[in-house]
Amino acid sequence: MNSLNIKLNGKFNGKLSGKLSLIMCGMLASLQPALAETAGKTYLNPAVGYHMFGSESGVDDSEALVIGGEYVISPKFGAEISYLYSNPDAKVGSIDVDVSQYTLDGLYYTPEIGNWQPFLNAGVGHGAFDVGSVDAKETQLNLGLGSRYHFNEKWSARLQAKVINSLDDERWDSLVTAGVSYAFGGKSKAAPLVLLDGDGDAVLDENDQCPSTPSGVHVDTVGCAFDRDGDGVADYLDQCPDSPSLDNLDENGCAIVVAAVIEQPESIKLEVKFANNSAEIPETAKAEIKAVADLMTQFPNANVEIAGHSDSSGNADYNKTLSQRRADAVRDTIVNEYGAEATRVTAVGYGEEQPIADNNTKEGRLENRRVIAEISYK
């Protein structure tokens, strides 16, 4: 470049004038989440920039046009070939200079931040300064950093800054660029299809309507345990696998037996036909007395009072004693012959004290000669 400074002695008509511009088009209006770089993707990177030359170059800073092609080698690394053109003025004589640079850069993609994909670059290039008969060339090294903002899978904006070192002139230049990029190729590989069968019943989870069937249970085509009797309880849990009814079943698939509600009687009239002036129980009355003992077994909270009654014929004291003897005889039969607890059975002779009919008639006196089992419950 020192030789370029000495030989600049004219002004050329090919001056680059006016503002440089680049129309961005084809971008989607809606933004999508940032996309990690995918191996095989290629970017076309047009950009405009500002080229700042070191003072030793003898040329003024200038606008620049850049076109590059970037290839993504892996999600972390890429490579770019680019071409730059600028048309600065020489500081001596305001002569136009055509500057061309060809660069090969390696790119390192750092972790993305939202829609931004930062990167670092380093590379080598060839620069040419053309001023008519003067054609100076140099080898260059560059370092830089930048970031890409993804609008969607295809379109992105790209910002970059570089420092450029001339190995021939030991000079440092710098370059900042902004552009829009278009991507193609490098479709993401589909994730391998993983077929899952969480409960190991040979029915894939996506088709399994019962995804938690225990291991070893036989299942149907939709992964649910067999239910032979259709009662809603799987066979492996069903303790009654052939239930004839679907109603009133417990959690084990068995019919719920509803016990009949038996009314607790308050008294039982015993048809005990005692012989005249006798307290001996005839055999024909044993069945009725046994019914009282059975009731006490059925209702463990039942206590029984055997109440003996008579009509008003004869002496009242005698009638009371006779009714007591007859009540005792019934109580002893309940306790001794049918095994009822003695503490739960009492006997009381009321004689003629509690008539229920008219003692002046034969029929009434028959009604009053009675033995009643009065029942109470704890």
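Quantities reported herein were computed from a predicted structural model and do not represent experimental measurements.
Between the side chain of Q117 and the main chain of T110, a donor-acceptor pair closer than 3.5 Å is present. No donor-acceptor pair closer than 3.5 Å links the side chain of N45 to the backbone N or O of V180. Counting only distance, with no hydrogens or angles, the side chain of N303 and the backbone of S376 share no donor-acceptor pair below 3.5 Å. At distances below 3.5 Å, at least one donor-acceptor pair connects side-chain atoms of Q324 with backbone N or O atoms of G349. Judged by distance alone, with hydrogens and angles left aside, the side-chain atoms of N121 form no donor-acceptor pair with the main-chain N or O of G146 at under 3.5 Å. S156 contributes no side-chain N or O that, together with a main-chain N or O of N152, makes up a donor-acceptor pair within less than 3.5 Å. The backbone N or O of P88 sits nowhere less than 3.5 Å from a side-chain atom of S86 that would complete a donor-acceptor pair. Put simply, the side chain of N336 gets close to the backbone of D332: a donor and an acceptor are under 3.5 Å apart. Judged purely by atom type and a 3.5 angstrom limit, R158 has no side-chain atom pairing as donor or acceptor with the backbone of Y149.
Every pair tested for side-chain hydrogen bond (donor to acceptor under 3.5 Å, both in side chains) that includes a residue from residues 211-222 fails, sequence neighbours excluded, so the list is empty.
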Going through the checks in order, is the side-chain contact (heavy atoms from CB on, under 4.5 Å) test met by Q101 and E138? CA-CA 10 Å; Q101 289 182 355; E138 61 184 26; 5.5 Å; no
Assess the residue pair R326 and E280 against the criterion (salt bridge (Lys or Arg N to Asp or Glu O under 4.0 Å)); give the C-alpha distance rounded to whole Å, side-chain angles, the decisive distance to 0.1 Å, and a yes or no. CA-CA 7 Å; R326 289 175 174 174; E280 184 177 349; over 6 Å; no
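Because its NZ or CZ atom is not both nearer than 6.0 Å to the ring centre of Y350 and within 45° of the ring axis, R370 does not count as a cation-pi partner of that residue.
Between atom CG of residue L270 and atom CD1 of residue I306 there is a gap of 6.0 Å, rounded to the nearest 0.5 Å. Taking NE2 of H150 as the start and CG of N115 as the end, the distance is 8.0 Å to the nearest 0.5 Å. Distance CG/N319 to OG1/T321: 9.0 Å, rounded to 0.5 Å. Note that the NZ atom of K162 and the NE2 atom of H51 stand 9.5 Å from one another [nearest 0.5 Å].
Counting heavy atoms from C-beta outward, Y182 and K154 have side chains that approach closer than 4.5 Å. At least one side-chain heavy atom of V304 sits under 4.5 Å from a side-chain heavy atom of M296. Side-chain contact between D169 and E56 is absent, with no heavy atoms from C-beta onward closer than 4.5 Å. Counting heavy atoms from C-beta on, the side chains of I289 and I281 come closer than 4.5 Å. With a 4.5 Å cut-off on side-chain heavy atoms, I375 and V292 do not count as touching. Annotation: side chain of M52 is not in contact with side chain of W172 (no heavy-atom distance under 4.5 Å). Counting only heavy atoms from C-beta outward, the side chains of L322 and S310 never approach each other to under 4.5 Å. Looking at F119 and Q160, their side chains come closer than 4.5 Å, going by heavy atoms from C-beta outward.
Remark: aromatic rings of F77 and Y108 are close, center separation under 6.0 Å. A centroid separation of 6.0 Å or more is found between the aromatic rings of Y85 and Y83.
Taking every heavy atom of both residues into account, V66 and S82 meet most closely at CG1-CB, 4.4 Å.
Checked for salt-bridge contact, E305 and R331 miss the test: no charged N lies under 4.0 Å from a carboxylate O. Salt bridge E352/K320: absent, no basic N to carboxylate O contact under 4.0 Å. The residues D89 and K91 are annotated as not salt-bridged, no charged nitrogen and carboxylate oxygen being separated by less than 4.0 angstrom.
Applying the 6.0 Å contact sphere to CD1 of I81 captures no more than 12 heavy atoms from other residues, nucleotides or ligands. A 6.0 Å sphere centred on NZ of K286 holds more than 12 heavy atoms belonging to other residues, nucleotides or ligands.
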